[in-house]
There are 2 protein chains.
Amino acid sequence: MADIARLAGVSTSTVSRALSGSKLVNEETRQRVADLARSLNYTINIGAQNLRLKQNRTIAVVVPYDAATRQHLSDPFFLSMLGSLADALTDRGFDMLLSRVDSEQLDSVSQPFDTGRAIGVILIGQWRHHDQLNKITARGVPIVVWGAQLERQMYVTIGSDNVAGGFLATEHLINNGRKKIAFFGDVQLPEVASRHEGYRKALAAHQIPYDEQLVVPASFLENGGRIAMAELASRKVNYDGLFCCSDLLAMSAINIMRADKKRVPEDVAVVGYDDIELARYFHPPLTTVRQPMQVAGLALVDALLNLIDQKPEAPHLLPTELICRSSSGNK
Amino acid sequence: MADIARLAGVSTSTVSRALSGSKLVNEETRQRVADLARSLNYTINIGAQNLRLKQNRTIAVVVPYDAATRQHLSDPFFLSMLGSLADALTDRGFDMLLSRVDSEQLDSVSQPFDTGRAIGVILIGQWRHHDQLNKITARGVPIVVWGAQLERQMYVTIGSDNVAGGFLATEHLINNGRKKIAFFGDVQLPEVASRHEGYRKALAAHQIPYDEQLVVPASFLENGGRIAMAELASRKVNYDGLFCCSDLLAMSAINIMRADKKRVPEDVAVVGYDDIELARYFHPPLTTVRQPMQVAGLALVDALLNLIDQKPEAPHLLPTELICRSSSGNK
DNA sequence: ATGAAAGCGCTAACAC
DNA sequence: GTGTTAGCGCTTTCAT
């Protein structure tokens, strides 16, 4: 900047003003400075500017990864989320600082904020760290979480309506004449718990008794589907429908069934969750519940910006939608 | 920091020293300062520190997206890449600034560096912007590109050995008795061009004549597979093998064939590219060429750090590997 | 072992 | 309109 000032024969203040488009500077000078800057490939040093202005246009996006047993970054769901967030942030003129943290060490989620690197944090998934998130919020860290709404929750969540999603999926199976519908998912995770709640509601609404034997814990991990299928088989219970809490889970379950000569959807109708890109390419194409990803990124970003602006939004849910394909039969 | 100093009854210099673990500070003082900082949730402001130290531990990762016609962020391949990069950067103690840019506006790739936000740039895919990347490099921007090696290339690339990948895939089909092997991919993209070169080499190595009619341009986009299949059908040419430059392409092609009552692999043996997570779940499980993603992230990061360190590496290629599953028949 | 002071690159009063 | 000056939060000589 000093160089530019010298070459243009003005002071650094003028350069600063010229480059920020201040009205107080002569048009001719402004032009000269601008040209000079361009020819020297000079750009304002954002770090210094931020320090001086005490501003910052960086948002941290934290994606927990699971060291041990659960869903991790290789799930296509995260990709759409990241893409959607990146778009929304770019749109609003913010940079995205991406970090992965061990889901068991969720303390460090606030680090980008504490160190002044980012003005707020978007966390993908609340995991089982409800209390910790409450603490972080209490400390004044602006944070918005993608996840379910829980009791005594001080932080803002945006999520999709998992109860409705579970309901839609289950009712769709019921409407296709299925009565013994299995459920695959880890109810310990808040979002999955909601889907399970929707599942129960749908059963109740159609006077179908709830059968614990049909509910199998299944992780989002690679061979979660295989393990869950084995567990279900060992229980020796009949089923003609299956609702899986992720598309990957559904796909691997279907593959196991194929190996077992069970036909989908004739013998077992299957519904997945997420509508990842490959759901459509799968054979049979997968019926699934879609979460509105494009909207999600925007909603998260806007909620965070409002929060930073001292205008906290209430936690809210985005609508889910059933995408009917052939894995569930044709209604 | 001033607060801490006041409360600890020392000067800011001492606090700074204490927090940075300098030997010059009394152990007792150090402890007192550390405790105080912890209890106040105080952390060094990285922005100010960077400014003072003229250092920076942020690397920009730029993912071009295609406004018009090609591969974009929703391709699962990018996710593994991002994950791998995030891991490698975390490992090395760097932050990752993620930005998406329109692949037609690749100028802005250097922006994170120019503005001092990052000390270097990793670009995923060189697209058709070879000359522009040369210019950016000439300007002194530390940049490493994931992609193919081209003529007159000033920038460092890391990529997988696409020629070998194309060769492996094609030879595998040949070894399975296929002679009329179609190729789906957009040869305009450097990486695809290399795969195509490997394809030709394998044909030549086995004295199979190259037939232009079998080479169909196909984008990585959603319905690229459908369009390519339609084009191939319109050419009225027989084929018993198909090599697709992405798994998604292969999957959608297989689905079209299924609708056309063509059996895979009996009538047409198919090989994809990337080994995305779903390749294994697909029916039939997809034979494909795997790029070593974990290694890739590390290689990119290390190449960039070395470049920044004035120790530029030569562009280099990572090995590719054929993953045999059933879509190509059983050799 | 600790403090005072200067300065990283920038901006915003406040002068003129 | 433009320059001078102070200071954002930090680190590091240089004194003491």
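Residue Ser13(A) is classed as a base contact, given a heavy-atom separation below 4.0 Å to a base. Contacts of Thr29(B) with the nucleic acid, taken as non-hydrogen atoms under 4.0 Å apart, involve only primed sugar atoms and P, OP1 or OP2.
Taking the ring pair (Phe, Tyr, Trp, His ring centres under 6.0 Å) definition, one finds that His130(A) meets it with Tyr155(A), sequence neighbours left out. Residues satisfying the salt bridge (charged side-chain N to carboxylate O under 4.0 Å, His left out) test with Glu28(B), not counting sequence neighbours, are Arg32(B). Shown here are the side-chain hydrogen bond (donor to acceptor under 3.5 Å, both in side chains) partners of Asp91(A), two or more places apart in sequence or in another chain: there are none. Not counting sequence neighbours, the partners of Asn45(A) by the side chain to side chain contact (heavy atoms under 4.5 Å, CB included) test are Ala48(A). Listed by chain and number, the residues in a side chain to side chain contact (heavy atoms under 4.5 Å, CB included) with Lys23(A) amount to none (sequence neighbours excluded). Not counting sequence neighbours, the partners of Phe113(A) by the side chain to side chain contact (heavy atoms under 4.5 Å, CB included) test are Val121(A), Val141(A), Pro142(A). Partners of Arg52(A) by salt bridge (charged side-chain N to carboxylate O under 4.0 Å, His left out), not counting sequence neighbours: none found.
With hydrogens and angles disregarded, a donor-acceptor distance shorter than 3.5 Å links the side chain of Ser20(A) to the backbone of Ser16(A).
Contact between Ala303(A) and Val144(A) at its shortest, heavy atoms only, is C-CG2, 3.9 Å.
Mapping Glu27(B) and Val15(A) onto DNA chain C by nearest heavy atom places Glu27(B) at the nucleotide closer to the 5' end.
Applying the side-chain hydrogen bond (donor to acceptor under 3.5 Å, both in side chains) test to every pair with at least one member in residues 143-154 of chain A, sequence neighbours left out, gives these pairs: Gln153(A)-Thr157(A).
Extent of DNA chain D lying under 4.0 Å from chain A heavy atoms, first and last nucleotide in 5' to 3' order, is dG1(D) to dG9(D). Nucleotides of DNA chain C with any atom under 4.0 Å from a heavy atom of chain B span, from 5' to 3', dA1(C) to dG9(C).
Here Ser99(A) contributes atom OG and Leu89(B) contributes atom CG; the two are 11.5 Å apart, rounded to the nearest 0.5 Å.
Contact check on Asp87(A) versus Arg100(B) returns a salt bridge, with a Lys/Arg side-chain nitrogen under 4.0 Å from an Asp/Glu carboxylate oxygen.
Between its two ends, the helix from dA1(C)-dT16(D) to dC16(C)-dG1(D) turns its axis by 40°, counting five pairs per end and rounding to 10 degrees.
A heavy atom closer than 4.0 Å to some atom of DNA chain C occurs in Leu51(B), Arg52(B), Lys54(B), these being the qualifying members of residues 33-58 of chain B.
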**Prompt:** Could you go step by step and tell me if Asp95(A) and Arg117(B) meet the salt bridge (charged side-chain N to carboxylate O under 4.0 Å, His left out) rule?
**Reply:** CA-CA 10 Å; Asp95(A) 286 325; Arg117(B) 243 182 289 245; 2.3 Å; yes
